[in-house]
Structures are given as structure tokens and as C-alpha cells.
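A short write-up of the structure that comes next.
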Amino acid sequence: MSYLDGLNEKQHEAAIHDKGPILVIAGAGTGKTKVLTTRIANLIDTGKASPYEILAITFTNKAASEMKDRIAKLLQTEVDRMWVGTFHSICVKILRKNIGILGYDQNFTIYDTDDQKNLIKKIIKELAVDTKRFPPNMVKSTISKLKNSEVSPDEYINNNYAFYDKRMIGEIYAKYEKALKSNNSLDFDDLLIKALDCLRMNDEATKYYRDRFKYVLVDEYQDTNNIQYKLVKHLAKRTNEPSNLFVVGDDDQSIYGWRGADISNILNFENDFKNSKLIRLERNYRSTETILNAANAVIKNNATRKGKELYTEDNKGSLIKVLGNNNEKEEAYTIAQTISYESNKIDTNYSDFAVLYRTNSQSRAIEEGLIKLGVPYKIVGGLKFYGRKEIKDIMAYLILLQNPRDDMSFLRIINLPRRKIGPKALSLLQEYANINESSLFEACYNLDEIDLPKAAHKGVVDFLQITELLMVKKDACELSEFITAVYEDSGLKNMFESDETVEGLSRLDNIMEFFSAITDFQEMNTNHSIDDFLAHVSLLADTDKTKNINSDVVTLLTIHSAKGLEFNSVFISGLEDGLFPSIRSNDDDNDDSKLEEERRLFYVAATRAKKNLYLSYAEERMVFGQHRASKISRYLKEIPTEFLDKELEVSSSHASTSSYARAKNYGYKSSELKTTYMDETIHRRKPKVEKKDDTEVFTRDENISLTTGDKVLHKAWGEGTVVSVLQTGDKSKATIAFENKGVKTLIVELAPIKKL
DNA sequence: GCGGAGAAAGTTTTT
DNA sequence: CTTTCTCCGC
């Protein structure tokens, strides 16, 4: 039974647990993933369950696929029939099968945060209320909170009838829900809520999943919300015996309260599931004693926690290094300089370093510093690839063809590219649709009854011609072929290609990347329907996409994205009150829960470090172009000085003056940084200051033809060798191996490449 | 209906 | 400081 080897006593006890509910409190770096995978492997290996009978829920898709891989490796068997995924992806699976019960079509569209916001904006406009009074973001989060607490619009309106603002939000909420339904769309919250509704309303469906899933496992249980908790409870319920529910989590790492996660789910587990077992993993295998003690000292200040203290048998290690700085530029410079210096040491790589920050906006200054010193880096997250406008435009066509009732997608593309259909024509269409309770797309089929301006009328007819043609291709083509057809026939291709500005070219790059992502998806998934692809795109987290191209680069990411990761050396930047903890966690006088969540966030950040931890702050920072002074973060002050390499107050003013002087004269124009980096775009050692000239000099081969073995030069990816050329329809696609970027499939006519 | 100029808002964190 | 919104002239 080799897979059980190497577990410590507690880990072993958890891994061989059989029936009944169990809570494993697993501190940072205590081997949580190992326990989960071994437990699943053990269930299968001892014949207690087949892979088919196991449901494992993880926090990210990446964690899911890693878990599957590890189990397959441990047991040397196929685990394809096992359900491993995030709550959201598992709910999509349930809904595709069962959502008919609730009166939706199974080809429903998933709305992401942007779509939600746009819909809310549209509704606020329609209601003609004072837009200043109802900021879409605030309305969105209120609606989300209400949905997750299962408060209906009517209920909310009735309970708050006397309060205008609340009542109006209720009205917006009501319209929002109605619009989602008639668009045959679900937002992220709905995926969970509607899945739960399906199960509650349909005993047969419930019975099916309960019979099937003999064992249910949930990772990161501290970050489950109300609906997820109810789902788990519902699914894991067994008729005459306790639930076989295995949850793993760490109350000290609960950092998603703002998204509805309820820490009491983990704190109350033992009350919710009677006679449950509790195992604590407190031996840490990741960090040095100094780092661990510092983290323990900080988290101890939280009142709401189960209480545990991590220990290690590792040595003390070096002291935590405090980096005091005058401003954010200097902070960036200090970090870059430290990495540059340290990475020259033996057995030290750039990839050993991570720079963590509280907000995405901090990344820019740090980038500047790294570029200046020629330190290569990658950014995780930030602007999401699929969130880019050009990608969303193409996606909107796909979505509309798949779900013609989706008015939001319709509105996005009806006049893109320009078809002379403006606000006036649209309001006429909308009016007709409202009266006839039809979708906008359907309304287009009754043009005789709508008195559109001539030009707009023609535009709509043109649009319908395009969509009809594409509807035919949808059923006839492979996914990637179909999306290519959408791109071309819609006129988007022409539109994007005729834009020769620098931004336009980078947009083309993104589109190229999009097409190669489609090819990847098609190869990796045996069943690749359009629905599958659309769901895949919507549910992809940006931390999921970090394809492990073995590139030796520094990682930049938010603390939230860093959860679950580890690095030899970690920088936590921006340790200032007002930034970390965020100014917004201060607002409730009697409630420290937000400040406690920020403290947990600090705890998560600190425990990412294996060997070296650097804590940095700036006394002054640019916010909206204004200088803002701040004080050292309270969390930094909570660390006993014995673990720090210097006293806090003294360090900043003089020690850093010299590096500040140097930092000052590296005026780097931020406009030069505005390359739209992707997750895998790696910035090389030599800063590409001449980038602008690069793009101007680069001219694409218009009539290029390639054969296997040709050497080509790509605008962004450099030199590569053609591995194969494929002729599909009138397009030829070339698979090209690039020296540092891996193998990509490109559409020859489109790609910014030339033959060498 | 479209594009440009100028005003206003925006930065927590993300499935 | 940057991105998004709004208004106005063509």
C-alpha cells in the first residue's frame, strides 16, 4: 500500500477514514492536498467506492485537474468517471441535465460579473431612477447578497417598502431576475441556487445523485457560502446513516467573506453533522520556524477562530526582512533590486520569488521596477484574458447563436461591426419585444411590424442573413472551424484587421491567442460542444490558466490568487493601514469581522513563504494621481520584533534614502508599459523599450505560404519552426514550435508572421 | 449614426 | 493617473 507511506500519524488517520462526517482542520502547509488525494485513492483501492461514486469539490479548476492527475498516478487507473470540480462547474453539470424542471432551456448562458453589471446598468436606465444614487456595483453586490440568503425581490420590497432606496434596489432586483429568466441566462450565484432548486423540487434527481455519490469531499470548506453549504448537506444526506462527508479547511484561511463565504460553516461543522470526527493537522512542512511563529503571532489576535498553532521541525531560518520605503516607486525598486541580487546566488531561480499585493492596481509600479532592472516576471490574473473586449465580441456571436434569447449578447453585437443600427432603432425593437414578450432577436423576424429607419432596416436584414448562415454552420462544423466562420462571416475579422493602430495589433494578437486556446480546448476535451466551450470559458479562473511553461520568472499576484501556492521567497508589498488592511474594512464600529478577514489574508500571505519572507511598505503612495501618506500596517506591528531584521520606525527614513535617490531618476513612462500582457507573456531580461518601433517595423507577409520545416518570425513570440500545416476549408493553419513559447497553432493568413 | 472632445469616476479581493 | 461616460457637431 505504497500510497499511504510518508503520511504522518494525523494525516494517516484522516486518509483512512471511512464512513461518517469528518472535519479536517488543515493549517497552511500541513499536507492538506496529500490527505485529500490519498483518502480518495484509499476509498477506490479498498473497494469502498468506485471513482463513479465519488464527488470531490475543489476551489479552482486547476486544483481539480491536479487532484485527478495525482489520484490517477497513485492508483495507475482511469478516474475519468469521478466528479471532481468547483461548485460552479459541478452545478453546471447538474443543470444541463435538470434545468428543464425550472423552465429554462439547457443551453442557458452564464453571465459573468461584467455581464451582470451591464444588465443592471441597463435596468437602472430603464427605470429612469437617479443613477448617482444607485451605483451598479453596489446594487450588484446587494442583489448577490440577497440571492445567497434566498430573499426574493418581493420579500425585500415588502420588508423595505418605507425606505425608498431599498425599495428601489428591490425593484431593480426584481427586473434583474426577470431579465435573466427571459434571456435564458444564469449568473454565478444562480448556478448554485438553481442547482439547489432543481434538487429540492425534484425527488428523482435528488435520489439519483444521492444514490450515486456514496462519498462527498469538499476542499477549502472555510470558503463555502450559504448555498454551497445547503447543496453539500442536501447531496450528502443518506437515509438511515450519517453523511459520508469529508471536509477539509482552515478557518484561519477564510478570505472570501466579501463573496458570501461564511466562516461559521466550518466553525459549526460539528453541530451541523452530529458525531463527526475532527482531526487537526498542525505540523507544517513548508516554512521555517521564524516565518511560522510570526504568522502565528499575528493570527492569534483574531477572536473568531477555532484555535490552533502550527509548528515545524524545520530550523529557525533567517529573520523576516522589513523593507521600508518612501513611496511605491522606491518600494518597487527595492523589491526588484533584492530579487536581482538574490537570484544570482547558487541554486536560486527567478521562479523562487513571488511578489504579493492586496490590490491588482499595485502591480503596475512593481512591474516598472522589475522591467527597469531586467528581472523577468509574469502576472497572474489582473485583466482576464476572456474578459477582453475583442474576445467578448466574438463570444457574444457564439452565445447568441447558441441561445437566441440572450438579449445582452444581441445588444453587444447587433451593431458590431457597424450596421447603422443606433439607439433609435434599438428602442423600437425593444418596444416591440416588450409588447410581444419576445426576445430582441425574435423581434428581428417581424420587421414588417416595426417601423425602422431605412438604413437600420437594411442593417437588421444583413445581420439576419449572417446569423442564418452561421446557424447552418453551427451544426455542420467542428468547434474551431465554426468559431473561425463566426469570426469571418460576422465581419469582425475585417473590422479588427483594418485597425492598424498599436492597440489594434495587440487585439489581433489576443484573437490569435483565443484561437489557439480553442484548439487546445478541442484537443483536451473529448466532448467539445459549444455549450461545453462556453461554460469552460465562463468558469475559468485566472489562476487556472497558468500553464506550466517551465519559464524561470518571478510571479506577481494578489494574495487571493496566491492561496494554495508556495514559494521559497515571498514579498508582501504595500503593508500600510488603509491599503492592507483595506480602508473599507474599517467602516463598522462594532464589528471587527472585516479586519479579522484582512488579518487572515495576511496570514495566508505570510504562510506562502518557505524560506524567506520580505515585508514591505511605503510611507507615501500615489492614489488616483494624488500623493497619499500612510502608516505602517497594524499586522506588521503585530509581529514580535525578535522575528524581524530591524526595528520598524527607524528603518524607513534614512536607510532607504540612497536607494530612493536612485529610484528617483529612473523615470519610466507608464505608457510604455501598456503592453497587454497575457498570463503567459513573459518579460525578458532586456527591457523592450523600443517595443513601439518593433511593431512599426514589423510587416506581415500578406501572401505567405508555409511548409513543414520553414523557419518563421512571429511578432510577439519570436523565431519558430513549422511543425505541420493543415488545410481546412479555405484556411490554412500552421502548427509552429516557438523557441521559448511552446507550440502554437496559428491561422496562416492572420498571424503576424513572416518567413525567414 | 458616428466620432471626437471633455468630463467624471475609479481601486479591494474573484468563482 | 487612466478608463469610461456624455454630450455635441457633423
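Sequence lines set the chain letters: A, B, ... in the order given, protein chains first and strands last, and positions in each chain run from 1. Keep in mind it's a predicted model, so treat the numbers as computed, not measured.
Residue contacts for A:Asn415: at a heavy-atom cut-off of 4.0 Å it reaches the sugar-phosphate backbone alone, with no base atom in range. Looking at heavy-atom distances under 4.0 Å, A:Thr60 makes no contact with the nucleic acid at all. A:Lys121 comes within contact range of the sugar-phosphate backbone alone, with a heavy-atom separation under 4.0 Å but no base atom that close. Residue A:Asn360 is classed as a sugar-phosphate contact, given heavy-atom separations below 4.0 Å to backbone atoms only. A:Ser361 comes within contact range of at least one nucleobase, with a heavy-atom separation under 4.0 Å. Within 4.0 Å of A:Lys132, counting heavy atoms only, lie sugar-phosphate atoms of the nucleic acid but no base atom. Note on A:Pro453: nothing from the nucleic acid sits closer than 4.0 angstrom, heavy atoms only.
Each of A:Ser582 and A:Ala456 was matched to the nucleotide of DNA chain B holding its nearest heavy atom; the match closer to the 5' end belongs to A:Ala456.
Listed nucleotides B:dT11, B:dT14, B:dT15 differ in distance to A:Phe624; the shortest reach to its side chain belongs to B:dT11. Closest to the A:Arg418 side chain, of the nucleotides B:dT15, B:dT13, B:dG3, is B:dG3. With distances taken from any side-chain atom of A:Asn137 to the nucleotides B:dT14, B:dT11, B:dT15, the minimum falls on B:dT11.
Applying the 5.5 angstrom centroid cut-off and the 30 degree plane-angle cut-off, the aromatic ring of A:Trp258 is stacked upon the base of B:dT13.
Both the sub-6.0 Å distance and the 45° axial angle are satisfied by A:Lys563 relative to the ring of A:Phe59.
With C1' as the reference atom, B:dT11 and C:dT6 are 23 Å apart, rounded to whole Å.
Of the charged side-chain nitrogens involved, none lies within less than 4.0 Å of a carboxylate oxygen, so that A:Lys122 and A:Asp407 do not count as a salt-bridged pair.
Using modelled atom types, one finds a donor on one side chain and an acceptor on the other under 3.5 Å when comparing A:Tyr111 with A:Asp406. Judged purely by distance below 3.5 Å, without hydrogens or angles, the side chains of A:Ser593 and A:Glu596 never pair a donor atom with an acceptor atom.
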